[in-house]
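Below: the structure, in structure tokens.
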Amino acid sequence: MSDLAEKIPNRFEFQTACREIYQQWEEDGCFEAKVNPDRPPFTIVIPPPNVTGALHLGHALNNTLQDIRVRWHRMRGFEALWMPGTDHAGIATQAVVERRLKEVENKTRHDLGREQLVERIWQWKAEYETRILNQLRSMGCSCDWKRTRFTLDEICARAVRTTFFDLFGKGLIFRGKRLVNWDTYLQTAVSDDEVFHEEVKGHFWHFKYPVIAPKAGEPTHVTIATTRPETMLADTAVAVHPDPSAALDALEQQLKDKLVAASAKEKEAVQEQLDQLATRRQTHLPLLLTLAEMARRGTKLMLPLVNREIPLVVDRWAKPELGSGCVKITPAHDANDYEVGLRCSLPMINILNTDGTLNADAGKYAGLSMKKARVAVVEDLEALELVVEIEDRNIELAHSDRSKTPIEPFLADQWFVKMEQLAQNAMDAVIDGRVKIIPERYGKGYLDWLGEKRDWPVGRQLWWGHQIPIWTKACDSAAEAEAELARVTLLPADAAGQLTASIEAPDIVHVCIRDEHDVHEAQLEASGYVRQADVLDTWFSSALWPHSTLGWPDATPELKYFYPTSTLITSRDIITLWVARMVLMGLNNVGEVPFKEVFIHPKILDGYGETMSKSKGNGVDPIDVIDKFGPDALRFGLTWLATETQDVRMPVQFECPHCEVAVNQTKQNRERPTIECPSCKQTFSTQWAKSPADTAHKKGAVTSERFEAARNFCNKLWNAARFVMINLEGFAPQTLDVQQLPLEDRWILSRLATTIERTNAALDGYHHSEAARAVYDFAWDEFCSYYVEMAKPRLQDPEYRAATQQVLAHVLDQLLRLLHPMIPFITEAIWQELAVFGPVRTLGGQREEQPWLMRSSWPEVDSKLQDPRIENQFAKFAAALGALREIRSRQNLGPKDEVTFTVGCDPETVKLLEPMKPFFSALANATLLGLGTGLTQPDMPASISVEGMEVTVDLGKFIDVAAEIARNEKLLENAVKQVAGKQAKLSNESFVSRAPADVVDKERQSLNELQQQVESLTTTLDKLRKALGS
RNA sequence: GGGCGAGUAGCUCAGUUGGUUAGAGCGCCACGUUUACACCGUGGAUGUCGGGGGUUCGAGUCCCUCCUCGCCCACCA
């Protein structure tokens, strides 16, 4: 044996090797992509990770898939660019830094001021950007690092300003008063997408408002109900339905329709609703009719506590079937009431300060928090005996996703992007197939969302982000504003296309400046303009990512060559927020879609089916997985698990740092700061450890056993390579004529060609998991389990040694290439070792002198090597071998116990199996004595029927006769049953006449085999029984 | 309330246009260190394909229906 056996360890030492390999790739420029007209481009822009925190397993999957596609295309001869970068993630990042500031220094952002806070966030960004990029490097991502961008860097900033200026000039950016979700903690508006609902315990208060001058017979009070009593201070009306009777009729009809279609279980509930409705007609309708009449007459109510006269109005928003049938209207603090306010021309009174306290419009409650005001309002109303009833009730309360504090609906000035046309263009791109979404079903959500064409609120009252490039001046009159507009547009900047202005009716002038330009900005500010303090929604800059990173607005060679990008790989939760906006911005700015395909991959869930997150404690840091299993295992494991239809469910374990035992993570222990190892009884800490006592314990990594299979596979590959190299001594490349090779060589070459074909097809269709499985099966079940085993005796035979070496080396070489996109490190490491033996791709293909596997070429499918006859032959051989092994196993024969056997089969199979004789002896220590029909059975037979072959081992002295009889009886019983089944099927006239001929034929053949099986089992049993008797 | 998806072995998942006896990995059981690999090898056991109905010669696969779970969107005075 070669001394290589001692030199090459029997495990891949990934801890040290991967770092080195990666560094060498990088130093050698392997990741860099250049404009190269000789090659087709392939481009992926990374979904820029938020600098909020470190990457988790979801990112690991996302980036693994990108790297697979990039490496695959690079090997296929594309100029492959993977554009890396990170996202400033406006609200999210400012929120974590502010939270941290509060925790550590007990300061708010106002204590620091804008400049200092932003400075702090830049520090945070630097720290996490480094960490994130290092995580990507550790995973092996082949990004072109020299192009790394950040959504807040100068290049992106220029793209943002150019875009904003352009949209402003087209009249697509405007300011308006809108009800926004106000985060009183962060003091900013947040979009609907940044709001989550959580059920909290609350109350449902019923109040009554006095009617001013009711006529005789009319009610003196109107009852309303609310879950937020303090907002009554901002009420500007009470509404009642204009035609409560008709509304109830309509509802009743609706319920009746539903009752007809309802399932038994639903019926009960629907019927109950109908009953309630009937009751309500009695109890509430007369009053509501009166109230509607009063409203039309212009009746006023007295709003208690603030003593403001408010109208009773009619509006369809008031649902006669709910509550009292009347509803208080607070246009400035409720989205629906806002709509009512617009319809009924009601005043809108905002009682909130930006910090969540009440303002002067709240009268004597000014200065109180909403919470305190609520108590005070209820107390005061009780004192006035205006409280009718208080119910306990669970309320779905909107919370800010960023600060986790309750949202207050709030009327504020907001900047919007008009979506009508932009959205339509983005929809068209998907409808006509310029952008293909894979899997297709995700296209629906995209289209539905864009189809609403809701204007996009783009302003955020934050300090971290791209500040809106608008300078505003409030004039004293409309005329003055006109004059100001005329004056501004005469500025030299405007002549240079640097400036554009508009009037917000009636008297406010907005000026937008194209590029950052101190002189223009100073000029404006000197003449009384003030820059908008708001920054842009973070998605505004990410929407430009595919073209801004390539240098837009300049017509750079990169933009021309690499844009539109080839594919975008992301997860489904940002299809609307990000993907849709990239499409519309790409179309607006460049005039072309940003990518041709979008692939949506599954999400990674924990063992309970919950999304992983740091706040739950079930998050997994890819680095922990890499430390334990290696980057290749991380990548292969994720690729293997991420299948088409389901999210990846991944049970998670802590690893005890003392004894390395895996401790299952449960919903309980994942929230604890320390855990006692059930095995070694020592304590280790978790991510929650804060106190010195807790952090004193070693930290337990969080990983998942799901990666073991992938780690094992890498090891298998490593050792197969080790075997090949150990046996490559004296290897001298020569040109082989495949047709002259023995069948096992042609078999493995045929299987290889088929595997390449399957892998290509799978990757083409984004079936990454299928690709992984195809290569895995080939490598393990065919190359290792058969070819390598068969090579062992041949390597000892001088006649075959050279050819065997060559085929081994060739197949290994091709396998490494196929696996490289998925497991780049170990394949590169093996490739480098293999290079010692010179170029090994010698089966007639051109030689390739590449120093790096990652830069070498992707295997070609050589269809001349595909030979179904040989594959069939091998299948027969494998089946017979399996039968032999089964008999050996059940008779408890040791590997050294040699046996003889026969195979009863048709002449065709004889031809197939004849050349395989030596391998039965190599792989099952069994000598083939007879092959064909009419063989004499030994006295002590053990038989198995498989694929039309009767494999019979002469057990001689080895046999446990009783066990064998029992076994055969069971088999016979089964076979007889199946014969009956087949016979029934074949005697079914309709089957025979209606099923396709080949299916019927197959059944006949199958029956035939089964009958033979029954026959031979009977013979065998006879013999065994006789032997037992004697 | 609307939409999408899932339910197949103890666990995590495959299962192409309907067609022999439904597969893989892990786990489990038995045996085993024979020329790479115990992160290994060989063999074995384990399934009412969520329930019910239908179409069909034939259904895990197509249709209807019910149940359970997950996600997204909307709404809740």
Ionic contact status for A/K603 with A/D573, cut-off 4.0 Å: yes
Side chain to side chain contact (heavy atoms under 4.5 Å, CB included) involving A/E705 - partner list, sequence neighbours excluded: A/Q653, A/A662, A/E708
Pick the C1' atom in B/rG18 and in B/rG58, then give their distance to the nearest Å. 8 Å
Where are the stems of RNA chain B, defined as at least 3 consecutive Watson-Crick or wobble G-U pairs with both distances under 3.5 Å? B:1-7 with B:67-73, B:10-13 with B:23-26, B:28-32 with B:40-44, B:50-54 with B:62-66
More 5' along RNA chain B: A/W718 or A/P651, using each one's nearest nucleotide? A/P651
For atom C1', what is the distance between B/rG47 and B/rG10, given to the nearest Å? 12 Å
Out of B/rA36, B/rC4, B/rC13, which has the shortest distance to the side chain of A/K444? B/rC4
Tell me, please, which residues at least two apart from A/Y446 pass ring-ring contact (aromatic ring centres under 6.0 Å, His included). none
Can you pull every protein N or O that's under 3.5 Å from an N or O on nucleotides 37-41 of chain B?
from, atom 1, to, atom 2, distance (Å)
B/rC37, O4', A/N719, OD1, 3.0
B/rC37, O4', A/N719, ND2, 3.4
B/rC37, O2', A/N715, OD1, 3.0
B/rC37, O2, A/K716, NZ, 2.9
B/rC37, N3, A/K716, NZ, 3.0
B/rC39, OP1, A/R11, NH2, 3.0
B/rC39, O4', A/N712, OD1, 3.1
B/rC39, O2', A/N715, OD1, 2.6
B/rC39, O2, A/R711, NE, 2.9
B/rC39, N4, A/R11, NE, 3.4
B/rC39, N4, A/R11, NH1, 2.5
B/rC40, O3', A/K716, NZ, 3.2
B/rG41, OP1, A/K716, NZ, 3.2
B/rG41, OP1, A/W780, NE1, 2.6

Looking only at atom C1', what distance separates B/rG15 and B/rU21, rounded to whole Å? 16 Å
With sequence neighbours left out, what residues match A/F636 under ring-ring contact (aromatic ring centres under 6.0 Å, His included)? A/F713
I want to confirm an ordering. Mapping A/T611 and A/E705 to their closest nucleotides on RNA chain B, which one lands closer to the 5' end? A/E705
Where along residues 230-241 of chain A does a heavy atom fall under 4.0 Å from RNA chain B? none
Under a 4.0 Å N-O cut-off, is there an ion pair linking A/R280 with A/E321? no
Residues that A/C344 engages under side chain to side chain contact (heavy atoms under 4.5 Å, CB included), provided they are two or more places apart: A/V313, A/D315, A/V340, A/L346
What residues form a side chain to side chain contact (heavy atoms under 4.5 Å, CB included) with A/Q796, not counting sequence neighbours? none
Tell me whether the OP1 or OP2 atom of B/rC13 has a side-chain N or O from A/T643 closer than 4.0 Å. no
Same-atom distance (P) from B/rA22 to B/rA9, integer angstrom: 14 Å
Would you say A/T231 and A/K328 are linked by a side-chain donor-acceptor pair, where the criterion is simply a distance under 3.5 Å? yes
Check: A/S704 side chain, A/V652 main-chain N or O, donor-acceptor pair, under 3.5 Å: no
Test the A/K716-A/Y776 pair against the cation-pi criterion, namely NZ or CZ under 6.0 angstrom from the six-membered ring centroid and within 45° of the ring axis. no
Would you please name every residue forming a ring-ring contact (aromatic ring centres under 6.0 Å, His included) with A/Y608, sequence neighbours left out? none
Could you tell me which residues satisfy side chain to side chain contact (heavy atoms under 4.5 Å, CB included) with A/D764, sequence neighbours excluded, listed by chain and number? A/W72
Residues A/R758 and A/T754: side-chain donor-acceptor under 3.5 angstrom: no
Holding to salt bridge (Lys or Arg N to Asp or Glu O under 4.0 Å), I want the full list of residues that pass it with A/D627, two or more places apart in sequence or in another chain. none
Taking 4.0 Å as the cut-off, does a side-chain nitrogen or oxygen of A/Q646 come that near to OP1 or OP2 on B/rG70? no
Is there any protein nitrogen or oxygen under 3.5 Å from a nitrogen or oxygen in nucleotides 30-33 of chain B, and what are the pairs?
none

Over all strands shown, is A/C714 touching base, sugar-phosphate only, or nothing at heavy-atom distances under 4.0 angstrom? nothing
B/rU56 and B/rG3: how far apart are their C1' atoms, nearest whole angstrom? 32 Å
Determine the interatomic distance between C1' on B/rU61 and the same-named atom on B/rG50; round to the nearest Å. 16 Å
